[in-house]
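Some notes on the structure that comes next.
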Protein chains: 2
Amino acid sequence: MSEKKRTSRDKLLDVTFDEVYRYGYCGAATATILKKAGVPRGSMYHHFASKKALVMAMIEERLSPKVRAFFDVEIDEDLSAERMIDVTIKKIAKNSMLIKHGCPLHRLMFEMGALDDEIASACEKEFDYLVGRFEKVLLIGIAQGHIKEGDAKAMAEFFITSSWGILSRTPKSSSKEQFLKDMEFVMMALRA
Amino acid sequence: MSEKKRTSRDKLLDVTFDEVYRYGYCGAATATILKKAGVPRGSMYHHFASKKALVMAMIEERLSPKVRAFFDVEIDEDLSAERMIDVTIKKIAKNSMLIKHGCPLHRLMFEMGALDDEIASACEKEFDYLVGRFEKVLLIGIAQGHIKEGDAKAMAEFFITSSWGILSRTPKSSSKEQFLKDMEFVMMALRA
DNA sequence: TCTAAACTAGACCGACCAATCTACTACTAA
DNA sequence: TTAGTAGTAGATTGGTCGGTCTAGTTTAGA
């Protein structure tokens, strides 16, 4: 497997992530992706059967790792659950793209939810992963007595969906300070 | 001003609301809108200068009233603030379109936030209205002692954005029960 | 060195997009 | 009756969309 092969494919995936994040699935044009990646049409359709296939690969190889890197709680048994979540929140707050344009997974999931089952399912899979991770942390928190007793999975889903909503304001009206203030409310609902 | 004139314009606005709600601004095709409304192209461009102008009118004359009808808190000084909010939550929960496809204002605002300033501003105006209404109710709640002391505007923004996030799951994974459960967490953050 | 597969390259295709155009009809007021 | 306006009607336009096609180039193994 040559370096060039991977390079061309990788460029396509990188640019596709950016374009879909910015303009959505419908708004992202293959012609633009091709131009920005500096890759000819034939190469794209050699590597991917269709625009949809390109986006499905992008979800798995770009969006998923990025989202996990930012939204995932790093579990550290030595820390309190509250501290682990706090670190995650601060990490999100530091990423200005997330603050201004929201979570890319949320964007795609919300747009495609009713339009394409396969893309929606791929997004849901990521959502479920994040929920699972947060659930684990919340269970630790409940055991530690820092988090309210109750359905940890439901709490995790509340945490992620409400965070997504908080992050989904217009770039103009969103800010790091606003986000942190709102997340404080979210935590109030979960703390024991 | 004839009846027919209003009928044609109205049909266009009604169908535009549906199509934009379902497929987004980019995904909504004027050809489809025209076909579903049973209105010829010329009529549409007689009433509206462009697709964007059509959507701007739709926001003001359809989306805004609908969103206010569902998301707005009806202020009733005889009730407790908590009860007023509870009525609003129950009203949202009863609307299956909102539960399955999320808030149409949120959809458009999230899609267009970075793509068109005028549409984004029109949406923000509605957001600000809703925030203002909730703020008023929360201030009543604070006075009554049912709601936590604090920045009522920030609380109102938290309430709306987190509700939007909670409502923005895929149609497959969203349900009335899930929504009510999640809104209970939101209220936990606000109750005194 | 030869061959097959992997990959690049971009011209090209029909479908569809928003928007324009000209012609026509219905209504209204002078 | 007539002139002007509001609205209907849909064919047409230029541009963009995702996707196909054929040809050329590079790479890896026999």
Side-chain angles (χ1 to χ4, degrees), chain A residues 1-59 61 108 111-112 115-120 122, chain B residues 1-59 61 108 111-112 115-120 122:
Chain A
M1 218 180 269
S2 72
E3 268 311 302
K4 264 198 172 177
K5 177 186 164 190
R6 280 230 298 288
T7 301
S8 210
R9 215 187 99 101
D10 280 352
K11 278 191 275 185
L12 283 170
L13 291 173
D14 287 336
V15 175
T16 300
F17 174 83
D18 289 342
E19 291 297 300
V20 171
Y21 189 12
R22 243 183 253 279
Y23 304 108
Y25 181 87
C26 295
T30 55
T32 310
I33 293 170
L34 260 14
K35 204 178 165 186
K36 291 200 180 175
V39 167
R41 271 204 115 56
S43 296
M44 173 187 147
Y45 281 95
H46 169 76
H47 291 289
F48 308 101
S50 63
K51 180 188 179 184
K52 182 177 158 181
L54 167 63
V55 171
M56 289 290 284
M58 179 278 281
I59 294 172
E61 299 174 41
L108 192 56
E111 179 189 4
M112 302 308 289
L115 300 185
D116 187 289
D117 274 348
E118 288 182 82
I119 293 179
Chain B
M1 219 178 270
S2 71
E3 270 309 303
K4 264 199 174 179
K5 177 186 163 188
R6 281 226 299 286
T7 301
S8 210
R9 215 186 99 100
D10 280 351
K11 277 191 277 184
L12 281 171
L13 292 173
D14 287 335
V15 175
T16 299
F17 173 83
D18 288 342
E19 292 297 301
V20 172
Y21 189 12
R22 244 183 252 279
Y23 305 107
Y25 181 86
C26 295
T30 55
T32 310
I33 292 171
L34 262 13
K35 204 179 166 186
K36 290 199 181 176
V39 167
R41 268 205 118 57
S43 295
M44 172 187 147
Y45 280 96
H46 169 78
H47 292 289
F48 308 100
S50 63
K51 180 188 178 182
K52 181 176 158 179
L54 167 63
V55 170
M56 289 290 285
M58 179 278 281
I59 293 171
E61 299 174 43
L108 193 56
E111 180 189 3
M112 302 307 289
L115 301 185
D116 187 290
D117 275 349
E118 289 182 83
I119 293 178

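Treat the numbers as computed from the prediction; the structure is a model and nothing was measured. Each chain gets a letter, A, B and so on, in the order its sequence line appears, and its residues count up from 1.
- Under a 3.5 Å cut-off, the side chain of B:Lys36 and the backbone N or O of B:Asp18 do not form any donor-acceptor pair.
- Remark: B:Ala122 engages B:Met56, B:Ile59 in a side-chain contact (heavy atoms from CB on, under 4.5 Å) (not counting sequence neighbours).
- Looking at A:Glu111, its side chain does come within 3.5 Å of a backbone N or O of A:Tyr25 through a donor-acceptor pair.
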Exercise. So A:Ser43 and A:Arg9, side chain to side chain donor-acceptor pair (under 3.5 Å) or not? Walk me through it.
Worked result: CA-CA 8 Å; A:Ser43 296; A:Arg9 215 187 99 101; over 6 Å; no

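- Listed for the A:Lys51 side chain is no donor-acceptor partner under 3.5 Å among the backbone atoms of A:Ala29.
- Separating the CG atom of A:Leu34 from the P atom of C:dT8 is a distance of 12 Å, rounded to the nearest angstrom.
- The two residues B:Ile33 and B:Glu19 make their nearest non-hydrogen contact at CG1-CG, 3.8 Å.
- Rounded to whole Å, the distance from NZ on A:Lys35 to P on C:dA11 is 14 Å.
- At whole-Å resolution of the value, NE2 in B:His46 and C1' in D:dG10 are 16 Å apart.
- The minimum heavy-atom distance between A:Met44 and A:Leu12, with the atom names listed, is CA-CD1, 3.8 Å.
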Nucleotide N/O of nucleotides 13-15 of chain C paired with protein N/O under 3.5 Å:
none

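- Between B:Glu19 atom CD and C:dA18 atom C1' there is a gap of 15 Å when expressed in whole angstrom units.
- The side chain of A:His47 places no N or O atom within less than 4.0 Å of a non-bridging phosphate oxygen (OP1 or OP2) of C:dA6.
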For this session: Report, as a single string ordered 5' to 3', how protein heavy atoms within less than 4.0 Å touch nucleotides 14-20 of chain D: B base, S sugar-phosphate only, - not at all.
Result: ---SBBB

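- Among all heavy-atom pairs drawn from B:Ser8 and B:His47, the shortest one is CB-NE2, 4.4 Å.
- B:Tyr23 places its OH atom 12 Å from the P atom of C:dC17, with the value rounded to the nearest Å.
- Spacing between atom CZ of B:Phe48 and atom P of C:dA18 amounts to 15 Å, rounded to whole angstrom units.
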